[in-house]
Amino acid sequence: AKRQGRNTYRFFTSQMQAQSMRALELENALRRALEREQLCLHYQPQVDANTGKILGVEALLRWQHPKLGAVSPAEFIPIAESSGLILPIGQWVMATAAQQLKAWRDKGLLHLTMSVNLSARQFHQPQLPDLVRQVLEQANIPAQVLELELTESAAMSEVVAVEQTVAELQKLGVRLSIDDFGTGYASLTQLKRLPTYKLKIDQSFVRDMDNGDADKAMVNAIVRMAQAMGLRITAEGVETQEQLKFLQALGCDEAQGYYFSRPRLPHELEPFLLQDSWK
Ligand code: C2E
Ligand code: CA
Ligand code: CA
Ligand code: CA
């Protein structure tokens with residue numbers, strides 16, 4: 001038993017070693033990803049749940065490495081966060097997304113909003129409002145069309161510490177969305193303290209609606225709460241017409257998901273944007 005135990009332990013450590021080797025390799029590669037132009041943004045439409053009209057897009061980061069191939073954000077974002085690389089990368093994302101929106105505005109799409117994901121690290125930078133202001137000025141877009149998406153857990157950790165930042169962002173006029181809503185631990189009190197514009201129901205809830213009444217009741221409760229608080233509500237990860245029908249019946253404002261479109265490159269998405277409605 002003892003020998004077996006030791007073998008198990010050895011197996012375990014070599015697995016951990018392989019994992020941390022991979023993480024180190026990715027971190028080193030990520031350091032050069034920006035300058036080597038390996039990063040790009042895809043955009044996924046956010047549509048009016050009732051009409052299918054495209055209201056905005058969310059920028060989603062993609063990394064294509066010559067040897068490692070396409071690395072998933074689920075793998076490299078946590079590494080970018082722990083290494084601090086998310087600060088320059090996040091800044092690049094915001095600036096690039098703003099420039100893209102400007103290009104679309106120049107083609108007449110003045111109503112279109114741009115959502116950008118912010119990591120907790122970025123949110124806790126005291127200079128964030130200045131950085132956002134610079135991005136808006138350089139792209140020459142109004143603050144109201146820029147939405148910053150913060151995960152529920154990032155938004156609610158140390159709400160007090162970011163109160164100043166939040167107040168400045170609000171004064172600027174950019175909108176704040178709470179991402180992955182329902183997966184964190186936001187209390188109503190915390191939620192009330194943040195000038196939130198929109199809640200995005202996490203895709204796990206949308207997926208689980210197919211399982212039956214208890215999960216539907218959960219989504220129903222989130223929508224009712226958002227309505228009571230005067231917040232807009234978006235359902236993420238909508239993949240089927242059944243899901244959309246149910247979300248419409250509940251009074252969800254917006255929907256996003258493969259049912260409408262995968263995230264796409266700007267030139268792939270543009271015809272649909274100019275056509276204005278998904279259907
Ligand atoms: P998220 O912000 O919750 O983004 C939604 C994720 O769900 C995206 O995955 C999107 O491609 C995927 N998705 C959209 N519709 C559907 C659907 O109908 N079904 C399913 N199964 N998935 C759908 P992606 O692009 O792999 O991004 C994963 C996460 O990485 C994002 O989750 C976000 O937290 C993070 N992320 C991506 N880009 C950035 C970025 O620029 N900055 C930061 N800080 N995080 C980012
Ligand atoms: Ca998001
Ligand atoms: Ca989300
Ligand atoms: Ca997510």
Side-chain angles (χ1 to χ4, degrees), residues 26 30 33-34 38-47 49 54 56-64 70-101 113-125 128 131-132 135 146-155 175-184 186 196-210 222 233-244 247 252 254-265 268-269 278:
L26 288 180
L30 200 53
L34 254 185
Q38 294 164 358
L39 299 180
C40 76
L41 294 178
H42 284 206
Y43 298 89
Q44 187 180 39
Q46 302 177 319
V47 310
I54 301 172
V57 296
E58 175 177 0
L60 292 158
L61 192 55
R62 296 289 177 266
W63 180 20
Q64 184 72 36
V71 187
S72 150
E75 190 176 18
F76 75 79
I77 295 283
I79 292 170
E81 283 174 352
S82 64
S83 62
L85 287 168
I86 196 67
L87 296 181
I89 291 174
Q91 197 54 31
W92 177 85
V93 168
M94 199 157 37
T96 306
Q99 296 293 346
Q100 181 58 63
L101 186 64
T113 60
M114 176 62 72
S115 299
V116 172
N117 292 287
L118 270 198
S119 85
R121 273 292 261 274
Q122 291 172 278
F123 197 50
H124 283 92
Q125 284 180 290
L128 179 68
L131 294 171
V132 173
V135 161
L146 182 66
E147 267 177 42
L148 302 178
E149 296 194 358
L150 265 179
T151 62
E152 186 183 15
S153 44
R175 286 168 173 169
L176 214 59
S177 295
I178 307 297
D179 206 351
D180 299 352
F181 189 77
T183 62
T196 310
Y197 175 71
K198 186 188 281 181
L199 291 187
K200 297 186 78 177
I201 305 182
D202 189 64
Q203 52 191 49
S204 61
F205 294 97
V206 175
R207 196 181 319 122
D208 290 347
M209 286 192 319
D210 301 339
I222 297 177
I233 189 131
T234 302
E236 292 192 284
V238 179
E239 293 183 354
T240 68
Q241 192 175 25
E242 290 68 39
Q243 291 169 343
L244 177 64
L247 293 162
C252 232
E254 297 179 22
Q256 185 178 352
Y258 296 165
Y259 178 69
F260 301 100
S261 170
R262 287 177 176 270
R264 298 177 193 226
L265 284 167
E268 296 170 333
L269 191 59
W278 198 254

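Ligands are counted one by one from 1 in listed order, and the atoms in each one are counted from 1 as well. Because the structure is predicted, anything quoted here is derived from the model rather than measured.
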Taking K200 first and then E58, would you say they form a salt bridge - that is, a charged N and a carboxylate O separated by under 4.0 Å? yes
Which bit of [X] is near ligand 1, meaning a heavy atom under 4.0 Å away: side chain, backbone, both or neither?
{"X": "E236", "value": "side chain"}
{"X": "R262", "value": "neither"}
{"X": "D179", "value": "side chain"}
{"X": "L61", "value": "both"}
{"X": "P263", "value": "side chain"}

Do Y258 and Q44 come within less than 4.5 Å of each other through their side chains, counting heavy atoms only? yes
At a cut-off of 3.0 Å, what protein N/O/S atoms sit near the Ca ion (ligand 2)? E58 OE2, N117 OD1, E149 OE1, D179 OD2
Can you find an N/O atom of [X] closer than 3.5 Å to an N/O atom of ligand 1?
{"X": "R62", "value": "yes"}
{"X": "Q44", "value": "yes"}
{"X": "N117", "value": "yes"}
{"X": "E239", "value": "yes"}

Going by heavy atoms, is G237 under 4.0 Å from ligand 1? yes
